[in-house]
Visitor: 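First the structure, then my questions, so here it is.
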Amino acid sequence: MTTPVGIVGDGRLAASLDEPENILVETPFGDPSDPLVRGTVAGREVVLVSRHGDDGRYPPHRVNYRANLWALRHLGARQVLAPCAVTSLCTTIGPGTVVLPDQVVDRTSGRRGTFFDIGQVRVGFAEPYCPSLRETVRKAAAAIDVSIVDGGTSVVVDGPRSPSRAEARWYAAQGWSLVDLTGQPEAALARELALCYLPVAVVTDQLAGWAEPGEQRRAAQTFTAHLDELRALLFTAALTAERAGCRCADALCGIRLPFTLL
Ligand SMILES: [Zn+2]
């Protein structure tokens, strides 16, 4: 059975969906950031939730990640692409570069990071991202001539402050390449729902620039400038995304869950 492809990211990405409809989804974990948008791309169903709300009212530490992912699954999505804006820690990865990270370090605190507030549940997360979606996005990038960096470690921080220089030196010394504000707990929650999940990160700036006046505005402009390319990449990938060649669906096998996961 072909399931819709889920996207959690900038609501503007829904702009060119065919037959779009807004759907209010209630979840046991509260409301998603916005009504979801369901539509099609060349006949393939896509459901999208705007991570920060259509007016950006939810900062990264206030996003209801649990509701967003639950809602995507509720509408049938089993594969979730997660476009996001990130800051590069590497001089070799500049603004506008699309990166598919393969590891994550969670430096956030105080976020609701699990669905399993009761019960004794362990979920494997050694490999946080879906290899099948990665291959799909790699092929899509090649098909539409978008260059990508495949791999790298993102470190997720709370913000809104930038890392200090000492923190940045430490991150870089570990070999981590990106600073991200939303990748956790989103990725772990996706695994807890046995979803395929892959971040598609657009570098908007480099860490050295965070101290510069106007950098936030320039970073937002960089992301907007690459929005059409990002949309084309995601939608091209959606056309061929198949849930095969990965074990994400088995993430909860043998685990007694404290609720029914439909
Ligand atoms: Zn998968």
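Numbering of ligands and ligand atoms starts at 1, following listing order. In this text, all values refer to a predicted model and were calculated from it rather than measured experimentally. These numbers come from the heavy atoms of this one structure, side chains and all, not from hydrogens, waters or symmetry mates.
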Visitor: Could you check whether atom CG of Asp145 has more than 12 heavy atoms from other residues, nucleotides or ligands sitting under 6.0 Å from it?
Guide: no

Visitor: Considering all heavy atoms of both residues, which atom of Gly96 and which atom of Glu229 are nearest to each other, and what is their separation?
Guide: O-OE1, 4.4 Å

Visitor: Should we say atom CD of Glu167 is surrounded by more than 12 heavy atoms from elsewhere, each under 6.0 Å from it?
Guide: yes

Visitor: For the pair Arg44 and Thr2, evaluate side-chain hydrogen bond (donor to acceptor under 3.5 Å, both in side chains) and give the outcome as yes or no after the intermediate values.
Guide: CA-CA 9 Å; Arg44 180 73 190 261; Thr2 302; 5.5 Å; no

Visitor: Protein N/O/S atoms under 2.8 Å from the Zn ion (ligand 1): how many?
Guide: 4

Visitor: Tabulate below the donor-acceptor pairs under 3.5 Å that side-chain atoms of residues 14-22 make, not counting sequence neighbours, or state none.
Guide:
residue: Glu21; atom: OE2; partner: Arg38; partner atom: NE; Å: 3.2
residue: Glu21; atom: OE2; partner: Arg38; partner atom: NH2; Å: 3.2

Visitor: Between Asp117 and Arg112, is there a salt bridge with N-O shorter than 4.0 Å?
Guide: yes

